[in-house]
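Input: a single structure, listed below in C-alpha cells.
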Amino acid sequence: MNEAKGPQALLRRIRVWLVVFIVCLVLSGVTAFPLVTELHLIEDALTSWASPVAELFPGLLEWIERVRDGLDTADAQYPFLLYGTDWLAFAHLVIAVAFYGPYRDPVRNIWVIEFGMIACAGIIPLALICGPIRGIPFWWSVIDMSFGVFGVIPLLVVRRMIKRLEAVGAVAEAPQAVGAP
C-alpha cells in the first residue's frame, strides 16, 4: 500500500466495494418480489422479433415458459406460495443491512464479511442438492451457483483489504504503546 495515501484511502476502497456488494444484494432482493411480472417481461423479450435468444437457446425459452406457467398457476390458485419468495426477497434486504457494520467499522466487523463468504460457499451444495430434487435443470443450477462464485470475489477482496487495514492500524498504534509509561 502506498503510505502517502494511508489507511483512509484503503478504508475508502473497502467502502466502495461494500456499497457495490450491498447494492447487488438489494437489487437481488427487490427483484424477487415481482416474479410473475418479471417472467412475463422476460418471456416477451425472448420471443420478440428482435431477440435471437429463443432460436439460439431453445431450452432457455422452454424453461422460462415452464417457470412462467408455474408462477401464473401459483399466483392464480395458490398465491400464498409466492409469499415464500417475498421472504426470500426480505432475507436479501436484511443481509444487505448486515453489511453496514463492516462499512462503519471494517476491522471490528470482519466477521460479517466471513459470514458472507460462508453463505456464498453454501450456495453450491444447496444448488447441487436441492436443484435435482426440485427438477431444476443442471444448467440453471450452474447459473445459481455462479451467484456464490461471483459473490465471494468482492468479499475476498474486501477481507484482504480489511486485513491490510488492520495491520496498518496495528503499526500506527505501536509507537504510542512503546512511548506509554
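Just so we're clear, the structure is a prediction, and the values are computed from it rather than from any experiment.
Grouping the Ile, Leu, Val, Met, Phe, Trp and Tyr side chains by contacts below 4.5 angstrom, directly or via other members, places W111 with L156. When hydrophobic clusters are built by joining Ile, Leu, Val, Met, Phe, Trp and Tyr residues whose side-chain heavy atoms come closer than 4.5 Å, directly or via intermediates, I95 is not grouped with I118. Cluster membership check: I129 does not share its hydrophobic cluster with W140, using side-chain heavy-atom separations under 4.5 Å among Ile, Leu, Val, Met, Phe, Trp and Tyr. Both I143 and L61 are part of a single hydrophobic cluster, where members link through side-chain heavy atoms under 4.5 Å apart. Following chains of ILVMFWY side-chain contacts shorter than 4.5 Å, one can reach F33 starting from V23, so the two form part of one hydrophobic cluster.
In this structure, the separation between CE on M117 and CG on L155 is 7.0 Å, given to the nearest 0.5 Å. To the nearest 0.5 Å, atom CG of residue L88 and atom OH of residue Y83 are 13.5 Å apart. We find the CG-CZ distance between L71 and R68 to be 9.5 Å, quoted to the nearest 0.5 Å. Residue D72 holds its CG atom at 10.5 Å from CD of Q77, rounded to the nearest 0.5 Å. If you take CD on E55 and OG1 on T47, they are separated by 11.5 Å, rounding to the nearest 0.5 Å. Considering CG of L35 and OG1 of T85, their distance stands at 4.5 Å, rounded to 0.5 Å.
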Step by step, work out the side chain to side chain contact (heavy atoms under 4.5 Å, CB included) result for L82 and D75.
CA-CA 7 Å; L82 296 177; D75 191 35; 3.7 Å; yes
Dump the intermediate steps for side chain to side chain contact (heavy atoms under 4.5 Å, CB included) on I113 and L18, then the final yes or no.
CA-CA 9 Å; I113 305 301; L18 285 171; 3.6 Å; yes
Checking salt bridge (Lys or Arg N to Asp or Glu O under 4.0 Å) for the pair E166/K163: CA distance, chi angles, key distance, verdict?
CA-CA 5 Å; E166 182 179 36; K163 288 295 188 179; 3.7 Å; yes
Walk me through it: do V30 and L93 pass the test side chain to side chain contact (heavy atoms under 4.5 Å, CB included)?
CA-CA 8 Å; V30 169; L93 301 176; 4.2 Å; yes
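Listed here is the closest heavy atom pair of F99 and G116: CZ-CA, 4.1 Å. The shortest heavy-atom contact between P154 and F21 is CG-CD1, 3.8 Å. Annotation for E43 and E65: closest pair OE2-CG, 3.0 Å, computed over non-hydrogen atoms. When all heavy atoms of L81 and A74 are compared, the pair lying nearest together is CD1-CB, 4.4 Å. Shown here for A127 and S141, the closest heavy-atom pair between the two residues is O-OG, 3.6 Å. When all heavy atoms of M161 and W17 are compared, the pair lying nearest together is CE-CD1, 3.2 Å.
Ring geometry, F80 versus Y78: the interplanar angle exceeds 60°, so the pair is classed perpendicular (tilted spans 30 to 60°). Using a 30° and 60° split on the angle between ring planes, W63 and W139 fall in the perpendicular class, above 60°.
Between I14 and V157 there is no side-chain heavy-atom pair separated by less than 4.5 Å. V149 is listed as a side-chain neighbour of I124, based on a closest heavy-atom distance under 4.5 Å.
A side-chain contact (heavy atoms from CB on, under 4.5 Å) with P102 holds for exactly one of V107, V158, N109; it is N109.
Legend: residues meeting salt bridge (charged side-chain N to carboxylate O under 4.0 Å, His left out) with E114, ordered by chain and number and at least two apart, are R159.
Around CZ of F147, the count of heavy atoms belonging to other residues, nucleotides or ligands within 6.0 Å does not exceed 12.
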